[in-house]
Amino acid sequence: MPISSGVGGEGMNLEEYLEEIWRLCYKFMEQFPGHDMDHVRRVYENCLLILERETGDPWVVLPAAILHDIARGKENHAIESGKMAEKLLKEIKYPEDKIPRIVRAIESHSFSGNRRPLDRESKILWDADNLDAIGAVGIARAFLYSGANGRGIRETIEHFKEKLLRLKDMMYTETGKEIAKRRHEFMLNFLRELESEL
Ligand code: NI
């Protein structure tokens with residue numbers, strides 16, 4: 001099924017809506033240099049990959065991917081991003097019935113939040129976002145974050161143990177599990193090398 005099948009309330013197709021949502025995302029996320037657009041693009045790509053292989057409503061998953069970190073920098077960013085997404089989507093007259101499902105996916109995407117994904121589309125976003133926290137890209141992001149926050153190598157290794165090495169067993173989709181497995185192995189190898197060099 002092409003992702004653009006169907007039209008929304010304003011007669012716009014999904015591609016046209018997504019273009020508009022990307023525009024809004026760029027506008028708001030410029031304010032948070034720490035959480036960059038590259039991450040959002042990779043999460044979006046991960047969602048496309050999962051949707052190519054597995055079921056899920058692209059009208060819900062793709063806007064959720066673009067807007068999932070839109071309120072990054074605020075406390076409880078998942079809930080705040082959900083609220084902001086709801087407002088923006090209503091403004092552009094996105095199909096009404098999809099909005100609560102998009103908000104739900106955004107609210108439950110955060111590892112540090114207290115919600116976990118329950119429906120199909122929320123699970124896809126969760127996997128897509130957390131895949132970007134592991135593997136080579138996860139290592140790079142962890143050290144960038146540490147550097148920006150004055151943390152050293154040892155403290156970053158602790159972060160791997162507390163969070164990143166747990167993510168492999170927290171994937172929901174088959175595609176997510178498969179990719180996470182490979183990325184997990186890579187992180188283990190990296191950590192072994194790092195420990196031995198340290
Ligand atoms: Ni994210």
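On a predicted model such as this, the values are computed, not experimentally measured, just so you know. Both ligands and their constituent atoms are indexed starting at 1 by order of listing. Residue numbers run from 1 in the order of the sequence given. Side-chain atoms are counted along with the backbone in the values below, which use heavy atoms only and exclude waters and symmetry mates.
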Side chain to side chain donor-acceptor pair (under 3.5 Å) involving Asp97 - partner list, sequence neighbours excluded: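 Side chain to side chain donor-acceptor pair (under 3.5 Å) list for Asp97, sorted by chain: empty.
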
Side chain to side chain donor-acceptor pair (under 3.5 Å) involving Lys90 - partner list, sequence neighbours excluded: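 Residues passing side chain to side chain donor-acceptor pair (under 3.5 Å) with Lys90: Glu86.
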
Give the atom name of whichever N/O/S atom in [X] sits closest to the Ni ion (ligand 1).
X      : result
Asp129 : OD1
His39  : NE2
Asp69  : OD2

Under 2.8 Å: N/O/S of His109 next to the Ni ion (ligand 1):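 Checking His109: none of its N, O or S atoms is under 2.8 Å.
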
Pi-cation contact, Phe111 with Arg116 (under 6.0 Å, within 45°):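 Yes, cation above the ring, under 6.0 Å and within 45°.
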
Heavy-atom side-chain contact between Ile92 and Leu24 under 4.5 Å: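 Yes - at least one pair of side-chain heavy atoms lies under 4.5 Å apart.
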
